[in-house]
Each structure stands twice: as structure tokens, then as C-alpha cells.
Student: 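Structure provided below as C-alpha cells; questions to follow.
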Amino acid sequence: MVWKIFLFLLLAFVSVAGISFPIVENPQTWYQFPLIPGLEENAKIIFFHVPTAWLTVIGFLISTIYSIKYLRKKNLDDDTKSYVAAQLGLIFCILATVTGAVWAKFAWGSYWSWDPRQTSIFALMLIYGAWFALRSSIESEEKKAALSAVYSILAFVTVPFFVFIMPRIMDGLHPGSADDKFTPSGGPVVNFKMNSNMLLIFFLSLIAFTILFYWMWNIGYRSLLIKEKLNKKIIRG
Amino acid sequence: MEGFYNFLISNAIFIVMIIVLIVWIGIFTFLYNLDKRLKGIEKEIKGDKHEK
Amino acid sequence: MKPFALFKKDYHSELRTRYAINSLAMFIIVALSVILFSIGNEKVPQNLTGGLLWVVIFFSAMSGLSRAFVSEEDRGTTLLLQLIAKPSTIFNGKLLFNLILVFLMNIVITLLYSALFEEFIIRNIILFLSTFFLANIGLAVASTIIAAIISKAGAKGTLYPVLSFPILLPLILISVMLTSYSMLGTSFDQALVEIMVLVCYDIIMLTASYMLFDFIWKD
């Protein structure tokens, strides 16, 4: 109960701060963001776009964790949890791709330019798509759970290549790329030209979206578990 | 009131902010009610088990 | 020696029908001629030929490599294999068969390709050969484990490229990069990071496959 109100206030604060705090050249007070040359007001996307990409990976992580759990204990409830996490992950993956593409048209000049991070979010979308295609092709519940669990683990071990390695060794437009002028040698994404209050609100936004994801996932799998329970009851008569 | 209205007209970003806040309140209320309804259903199913 | 016996059995049954070899050979010819037709008399930029090589390799692999497990399922011999051998033995045998098939296939493709495309000139042979070697291992491992998943699932033919592509994407992207490096004549030391990424990919795929194959094979 308390954490729901906390989430409400946190995300409300993040949207107020992220949208309305002014961007000025020399920030004086705590509610002013620094000016990033070439981006100006466009820089505010970081509070809403990056969390969706983050949730894509988190959704995949949770899905894989419950896949491993399923392979160990063979409990079909774990498969349901993994399924719901992947479903939410796919939704946020599409959101990240679309918001990124719309933004890129105005900041970089084209909707899609095969920047390494665009490639990696596209690969994640392909993985999710392949995963759901595999699930729909198998009839028996246990077989479906086992094979999709194996595939999601197999796909998960390739994710570090997309998320961490490729963007750093290939040339790109996102911060942290191999040819980034601001952070030579391809440092982590966050320390590009952000001052401390921008960073703080960015991390608050990540936390708020993660809690939101947890809540949606929780509601999703609880309703599916109830559905399965009712199905069993009807079969037993 | 007049001053606030004029302020909003000259600073369109605050209108965006208010709209986003309203959308977020809507989504939050929906999720909250859904959670409550689910809790009710879960309780009902558990109650059925005890009757048997 | 058991994996080798399994390999020999696959080898003999392959020699009897020549299904995989024939379809692979035809597929390579078809794919290369489609590319040649579509190019016509145009001059192709050099770095495009490096990418096209991997397109041909990927789709040829997708056409032939799923046979390893699907053929067992088709003949109904899966149960017998489960009885007489451990899962790791079976995986070793199938992997050996696919490795040899991939190497044969890719050597043929590369030789044909360099004969047909004048622009495809490799300036750093050692870099290209090491890329070729590492990429083939990765391709064989990933395609073997996905063939095992496919053989247990319902839709066998169409799902194979769909499932393989995201898994193979890092391998293909890095291989395309390394091929263009070796066409530009970059020295081996400069491309060391990319080579190490390829090595990592092979090792990760191999360990994950060995750990996960039990779960696919048991039910």
C-alpha cells in the first residue's frame, strides 16, 4: 500500500521535473538543467525513453530468471511468470523503439540510422518475436514451458553482446559509443554532460519505472494464475 | 486566475506537464482498482476451498 | 569414442541419401546466381561484397543444418538414441557432424564467391582465416542447439531461421566487420578486440549449449 503511493508521487515528480524544469546555459539553482550543445530541449527524452529501454532488458532478465527456476523445479507457475514478464518486455521494447525513432528524426535527422543501440533494441525485438513464435508452435504445456525456457536462456547469453559490447566497439550516435567526443574510450552512458540534479532525476525515473513494471507484472501473472486455477476446477468438475 | 491563464499561454510546456500528470493519475487509478479487484477474486477462490 | 560412432552413423546415412549435401550445394548455387543476376553489370562497392558473403553463408546454413536432429525425429529414432547414449554424447556427435558440414559448405561458398566477384579481394589473409574459423565454430554450435529445439517443436521448417537469426546476429555483425577489416588490410593487432569478442561468443555458446541440451533431450 505504502509503496503504491510512493510510486505515484515519484513518477508524478519525475514527469513534472522532466518536462517543466528549464534548460539554461549555466545552472544556478537546483531545478535548472545544463545545456547540452546540439540537443537543447531534446535532451529531456532521457527521463522517459531510457527507462523503457531499461525495462525491456529487465523484462528479459526476469523472464530468464523464472525460466531457470522452471527448469529446476518444473513448476508451471514459474512459466506463467516468465511469460508475463516477456509480454511486458515486448511492450516496452516497442515503446522504446518508437519513442527513439520519433526523437531521432528531430535530433539526428532520420528515423532510423542503424546506430548500434538501435540495432540492439531491434535484435531484442526479434528475440521476443522468435520466443512468442516458438511458444505458439508447441501444443503441450510442459514441452512449451521447457523449450521456451531453454530458448530464453540461450538468447539471454547473447544479450550482453548487444547491450554492452557492440555499442562500444562500433561507431554510433548514442552517448558512450566508440567515437563519442564527450566520453572518449566509450565510458558508461550516464556521465555525458549531465549535472548532478539531472542525474538524480534520471535515476529516480529509472526506479519509478522499475516499480511500475513490477506492479504491472504482479497484476499480470496473478490474473493468469487465477485463470489456470479456474480451468483446473472446471476440468475436475 | 487571469495571470495564471496568461502564464500557461506563454509557457506551453506546462500544459504538456499538466496533461501528462492527468494521464498518469488515470493510469494509476486504473492499476489500483485492478489490483483491488484481483485481491477480491483471490480471496473468493480461497474461500471456496475452505467450504470443500 | 561414442560420439565418433554417432558421427559415423550420420555420415553413412548421409552418404546413402545425400539429402543435406545435395540441397546445400543447390542452395549455394541458387543464392549466388540470384545475387549475380540482381547485380548484373553494376560495379559493386567493395565493402558490400563482404556483407553479401555472410548473407549467403547464413541462409545456406539455415537451409541445411536443421537436418541433424529433425532427421532423427522424422525416422522415429529419437527414443532409441535416448536409450543407448548420454545426452552429452549425442550432442557431441551431432556437433561434430554439423561442424564438418559447416566447414565444407563455407569453404565451397568462399572459393566460389572469390572466383565470381572480382571486387572481393582479401588483403589480410590471416585475419580473414581466423575470422572464418571462429565464425564457423559459432555457427555450427548455435545451429546445432537450435536444431535440437526445433526438432521437438511443432513447426519444423519455418521456425528455424526465425529462432536462429537473433542468436546468430552478434556473430554475423562481428564477422561482417572483421571481413571488411581484412579486405581493407587492417593488421591483426588492431582487430584483436573483435577477434576476442568472437572467441567469447564461441565459448559462451558452447557452454550454454552443453548445459541446456539435457533439458531439451530428456522429455
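This is a predicted model, so every value here is computed, not measured. Order of the sequence lines sets the chain letters (A, B, ...), proteins ahead of strands, with each chain counted from 1. Because only heavy atoms are used, hydrogens play no part in the values below, and waters and symmetry mates are left out as well, while side chains stay in.
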Student: Would the number of heavy atoms belonging to other residues, nucleotides or ligands and lying under 6.0 Å from OH of A:Tyr214 be above 12?
Tutor: no
Student: Give the table of side-chain donor-acceptor pairs shorter than 3.5 Å for residues 163-173 of chain C, with sequence neighbours excluded, one pair per line with atom names and distance.
Tutor:
{"from": "C:Ser164", "atom 1": "OG", "to": "C:Tyr160", "atom 2": "O", "distance (Å)": "2.7"}

Student: Which heavy atom of A:Val150 sits nearest a heavy atom of C:Leu212, and at what distance?
Tutor: O-CD1, 3.7 Å
Student: Any residues in residues 76-85 of chain A near chain C, with a heavy-atom distance under 4.5 Å, and which are they?
Tutor: none
Student: For atom NZ of C:Lys9, decide whether the heavy atoms of other residues, nucleotides or ligands shown that lie under 6.0 angstrom number more than 12.
Tutor: yes
Student: What residues form a side chain to side chain contact (heavy atoms under 4.5 Å, CB included) with C:Ser63, not counting sequence neighbours?
Tutor: C:Leu24, C:Phe27
Student: Taking heavy atoms only and a threshold strictly under 4.5 Å, list by residue number the residues of residues 125-137 of chain C that touch chain A; give 'none' if the list is empty.
Tutor: none
Student: Atom OG of A:Ser137 and atom CD1 of C:Ile150: how far apart are they, to the nearest 0.5 Å?
Tutor: 7.0 Å
Student: Other residues, nucleotides and ligands only: do more than 12 of their heavy atoms fall within 6.0 Å of CH2 on A:Trp215?
Tutor: yes
Student: Can you see which heavy atom on A:Ala130 is nearest to which on C:Val162, and at what distance?
Tutor: CB-O, 3.6 Å
Student: So what's closer than 4.5 Å to chain A heavy atoms on C:Met211: side chain, backbone, both or neither?
Tutor: neither
Student: Please rank A:Ile127, A:Leu154, A:Val159 by heavy-atom pairs under 4.5 Å with chain C and give me the top one.
Tutor: A:Leu154
Student: Less than 4.5 Å to any heavy atom of chain A: does that hold for the side chain of C:Val193, its backbone, both, or neither?
Tutor: side chain
Student: Given a strict heavy-atom distance threshold of 4.5 Å, which part of A:Tyr151 is in contact with chain C: side chain, backbone, both, or neither?
Tutor: both
Student: Heavy-atom count check: over 12 atoms from other residues, nucleotides or ligands less than 6.0 Å from C:Arg123 CZ?
Tutor: yes
